[in-house]
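Counting from 1, the numbers follow the sequence of the chain as shown.
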Amino acid sequence: EVQLQASGGGLVQAGGSLRLHCAVSGFTRSLEDYAIGWFRQAPGKEREGVSCISSSDDTAYYADSVKGRFTISSDNARTTMYLQMNNLKPDDTAVYYCAADYVWGTRCLNHRNYDYWGQGTQVTVSS
């Protein structure tokens, strides 16, 4: 059974930092074959891609709104993925989700391409 477990959210002041974690398990294929991604959803808004690493390579992609502030990473086996979030802004407030699936290239930023999801973790940035 595929499982993703997200953690690390919280309340932080604008300009602060948080690091999200996501533990991944249960894939029958090598985890390195899978894309991993972070997504977020604010109240009343559609879920949006924040950052992802494409299947079968280490290319990372970022939404324009987080470039230069957020960094995605994982351990070598992709059993744990991270999202380092610096210089947080109130607009970053949302429920953050991790996801994994077999997705290539920039398509890994599209939440519709994922079947496997972790539960969300709330990030709240106060002004």
Side-chain angles (χ1 to χ4, degrees):
E1 179 186 4
V2 174
Q3 290 187 331
L4 291 89
Q5 183 75 30
S7 61
L11 173 64
V12 64
Q13 289 187 330
S17 298
L18 283 173
R19 193 184 195 203
L20 304 183
H21 303 76
C22 180
V24 184
S25 63
F27 283 101
T28 56
R29 297 174 59 173
S30 168
L31 282 171
E32 294 175 354
D33 291 337
Y34 283 85
I36 55 176
W38 287 97
F39 300 82
R40 65 187 182 187
Q41 188 165 17
K45 294 187 177 181
E46 187 177 356
R47 189 168 298 189
E48 63 173 349
V50 175
S51 181
C52 62
I53 298 178
S54 174
S55 288
S56 302
D57 64 31
D58 292 330
T59 303
Y61 300 92
Y62 296 91
D64 288 343
S65 59
V66 306
K67 282 180 181 177
R69 299 188 298 122
F70 290 10
T71 303
I72 189 172
S73 63
S74 72
D75 61 9
N76 288 338
R78 295 193 183 180
T79 56
T80 306
M81 67 171 98
Y82 308 94
L83 185 68
Q84 178 67 43
M85 305 186 295
N86 298 329
N87 190 22
L88 282 160
K89 304 175 181 180
D91 284 349
D92 295 319
T93 296
V95 177
Y96 283 70
Y97 299 89
C98 57
D101 213 322
Y102 198 47
V103 188
W104 282 291
T106 57
R107 296 175 70 247
C108 70
L109 273 176
N110 188 332
H111 66 90
R112 296 178 181 85
N113 294 321
Y114 291 80
D115 285 335
Y116 304 107
W117 290 86
Q119 89 293 357
T121 184
Q122 177 70 46
V123 172
T124 303
V125 184
S126 62
S127 57

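Between atom OG of residue Ser51 and atom NZ of residue Lys67 there is a gap of 10.5 Å, rounded to the nearest 0.5 Å. Rounding to the nearest 0.5 angstrom, the gap separating the CG atom in Leu18 from the CG atom in Asn86 is 9.5 Å. Distance check, rounded to the nearest 0.5 Å: SG of Cys98 to CG of Leu20 gives 9.0 Å. Summarising the geometry, atom CZ belonging to Arg107 is positioned 12.0 Å from atom CZ belonging to Arg112; distances are rounded to the nearest 0.5 Å. The CD atom of Glu48 sits 4.5 Å away from atom CZ of Arg40, with the distance rounded to the nearest 0.5 Å. In this structure, CE in Met85 is found 9.5 Å from CZ in Arg69, a value given to the nearest 0.5 Å.
Considering all non-hydrogen atoms of both residues, Gln119 and Ala6 come closest at NE2-O, 2.6 Å. Of all heavy-atom pairs spanning Ser74 and Tyr82, the tightest one is CA-CD1, 4.1 Å. Contact detail for Met81 and Trp38: the closest heavy-atom pair is SD-NE1, 3.7 Å. Closest approach of Gln122 to Val95, counting heavy atoms only: OE1-CG2, 3.2 Å. Of all heavy-atom pairs between Ser54 and Gly105, the closest is OG-N, 2.7 Å. Of all the heavy atoms in Ser127 and Pro90, the pair that sits closest is CB-CG, 3.9 Å.
Note: the hydrophobic cluster containing Tyr97 also contains Val103 (ILVMFWY, side chain heavy atoms under 4.5 Å, direct or indirect links). The hydrophobic clustering, which links ILVMFWY residues whose side-chain heavy atoms are closer than 4.5 Å, places Tyr34 and Val2 together. Linking ILVMFWY residues whenever their side-chain heavy atoms come closer than 4.5 Å, directly or via other members, leaves Phe39 and Ile53 in distinct clusters. Hydrophobic cluster membership is shared by Val66 and Ile36, with clusters built from Ile, Leu, Val, Met, Phe, Trp and Tyr side chains linked at under 4.5 angstrom.
When the options Thr71, Val123, Val50, Thr121 are evaluated for a side chain to side chain contact (heavy atoms under 4.5 Å, CB included) with Leu83, the one that passes is Val50.
Between Phe27 and Tyr116, the ring planes are perpendicular. Angles over 60° get that label, and only those under 30° would be called parallel. Using cut-offs of 30° and 60° on the angle between ring planes, the pair Phe70 and Tyr96 is tilted.
For Asp92 and Lys89, the salt-bridge test fails: no basic side-chain N is under 4.0 Å from an acidic carboxylate O.
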### Task
Apply side-chain contact (heavy atoms from CB on, under 4.5 Å) to Ile72 and Tyr61, showing your working.
CA-CA 9 Å; Ile72 189 172; Tyr61 300 92; over 6 Å; no
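Listed for the Ser55 side chain is a donor-acceptor partner under 3.5 Å among the backbone atoms of Ala35.
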